[in-house]
Amino acid sequence: MRSLLVAVGLALVLAACGDAAPPPSTIGQAVDPLPADTEATEATEVPEATEATEATEATEVGGERLYGFGAGSEVRFVVEEELRGSRQTVVGRNTGLAGEFLLDVTSFELLAPATVIIAAGGFVTDEDRRDGAIDRFILDVSDHPEITFVIESATPDTVSGSLVIRDVANPVVFEVEAAQDGDTIRVSGRALVDRSDWDLNIPSVPLVANVSEEVTLELDVVLVPIEEGP
């Protein structure tokens, strides 16, 4: 290409001077190829290298992963009552939990709303007759078999959401502690609520009296990664 431009330029100069034969035709002549080192330089200027670097940096900063409940997970309620005239603490434990959580693997923060489903009939105390009364008269598990906690936000310090019992919803904030052990995340939390907010009334039962209005809700859960299918 350079030879062609030089030839055309020379022809114009000679024509302007008025004394020279037309330059020889360059039609059919081979155009000098670019030097090999120039082609190699242009070939190495590929944007993919920058994109790969950015992807690597993003991976190092953090990422997201789907988790579910592992073995050893449970929720509890704690109330005070008088049984046969003696004050005692009642603890109801429940391991019937289900739910999935999309978490930031670095900060443990919840990246999307999630719902915890609790089997309403799964609470067990130290007294079978109390358990039956809870199922039939307090939680009415035949018509309301599930309790749900719709998590709206979660950090390493708090978990906030809406607790739904017998179709009644109220906001609840758990103060939590989270720790990571390899791929496993352990979360412990506690919240104080008033059972009257959910219209949870205690039936009149012989030998039981003065059940506290304030209820402590506790959780100790183990979150494990959910393996994605092919």
Side-chain angles (χ1 to χ4, degrees), residues 67-101 113-152 154 158-179 184-224 226:
Y67 286 80
F69 290 112
S73 298
E74 75 170 25
V75 295
R76 299 180 294 273
F77 71 78
V78 182
V79 297
E80 299 292 325
E81 71 174 20
E82 287 184 10
L83 178 62
R84 300 181 180 90
S86 299
R87 198 69 179 168
Q88 71 171 23
T89 300
V90 177
V91 180
R93 305 176 183 274
N94 193 331
T95 59
L97 309 177
E100 295 182 353
F101 314 91
T115 299
V116 177
I117 301 175
I118 304 167
F123 287 98
V124 178
T125 70
D126 60 350
E127 176 59 58
D128 291 342
R129 287 175 294 181
R130 182 192 294 112
D131 298 345
I134 292 172
D135 291 347
R136 293 193 300 273
F137 305 120
I138 300 176
L139 296 180
D140 188 17
V141 299
S142 59
D143 291 332
H144 304 91
E146 295 178 346
I147 297 171
T148 60
F149 182 50
V150 182
I151 302 175
E152 298 164 356
T158 61
V159 174
S160 305
S162 178
L163 181 62
V164 183
I165 305 175
R166 292 175 48 176
D167 298 330
V168 178
N170 283 294
V172 174
V173 179
F174 285 88
E175 300 294 329
V176 301
E177 293 182 354
T184 298
I185 300 174
R186 298 179 180 274
V187 182
S188 298
R190 186 172 183 268
L192 295 178
V193 300
D194 192 320
R195 60 182 171 83
S196 63
D197 291 340
W198 287 268
D199 299 325
L200 299 178
N201 300 312
I202 307 300
S204 178
V205 179
L207 305 179
V208 176
N210 299 323
V211 179
S212 60
E213 292 285 336
E214 187 177 73
V215 179
T216 301
L217 304 179
E218 297 178 342
L219 59 88
D220 279 301
V221 298
V222 180
L223 302 181
V224 295
I226 296 176

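Numbers here simply count residues along the sequence, with the first being 1.
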So, does S73 use its side chain to make a donor-acceptor pair with the main chain of V222 at under 3.5 Å? yes
Across all chains, not counting sequence neighbours, the side chain to side chain donor-acceptor pair (under 3.5 Å) partners of E177 are none
The complete set of salt bridge (Lys or Arg N to Asp or Glu O under 4.0 Å) pairs with one or both residues in residues 87-101, sequence neighbours excluded, reads E74-R93
Who passes side-chain contact (heavy atoms from CB on, under 4.5 Å) against E218, sequence neighbours left out? R76, V78, R190, T216
With A209, which residues qualify under side-chain contact (heavy atoms from CB on, under 4.5 Å), at least two apart? none
Return each pair, listed once, that meets ring-ring contact (aromatic ring centres under 6.0 Å, His included) where at least one residue sits in residues 69-100; pairs must be two or more places apart or across chains. F69-F101, F77-F123
Does a side-chain heavy-atom distance below 4.5 Å link T184 with V224? yes
So the ring-ring contact (aromatic ring centres under 6.0 Å, His included) pairs with at least one residue in residues 197-216 (sequence neighbours excluded) are none
If the test is side-chain contact (heavy atoms from CB on, under 4.5 Å), which one of L97, V116, V75 qualifies with L219? V75
Sort and list the pairs that fulfil salt bridge (Lys or Arg N to Asp or Glu O under 4.0 Å) and have at least one residue in residues 114-129, not counting sequence neighbours. D126-R130, E127-R129
Does CZ in R186 sit with more than 12 non-hydrogen atoms of other residues, nucleotides or ligands closer than 6.0 Å? no
In chain order, what residues pass the ring pair (Phe, Tyr, Trp, His ring centres under 6.0 Å) check against Y67, with sequence neighbours excluded? none
The side chain to side chain donor-acceptor pair (under 3.5 Å) partners of E175 (sequence neighbours excluded) come to none
Show which side-chain atoms of residues 132-152 pair as donor or acceptor with protein atoms under 3.5 Å away, not counting sequence neighbours.
residue : atom : partner : partner atom : Å
D140    : OD1  : S142    : OG           : 3.4
H144    : NE2  : D167    : OD2          : 3.3

Pairs meeting criterion salt bridge (Lys or Arg N to Asp or Glu O under 4.0 Å) with involvement of residues 197-216, two or more places apart: R195-E213
Taking all heavy atoms of A191 and all of V172, pick out the closest pair and write down the distance. CB-CG1, 3.8 Å
Any donor and acceptor pair, going by atom type alone, linking the side chain of N94 with main-chain N or O of A120 inside 3.5 Å? no
With sequence neighbours left out, write down each residue that passes side-chain contact (heavy atoms from CB on, under 4.5 Å) with V176, or none if nothing qualifies. V159, F174, V187
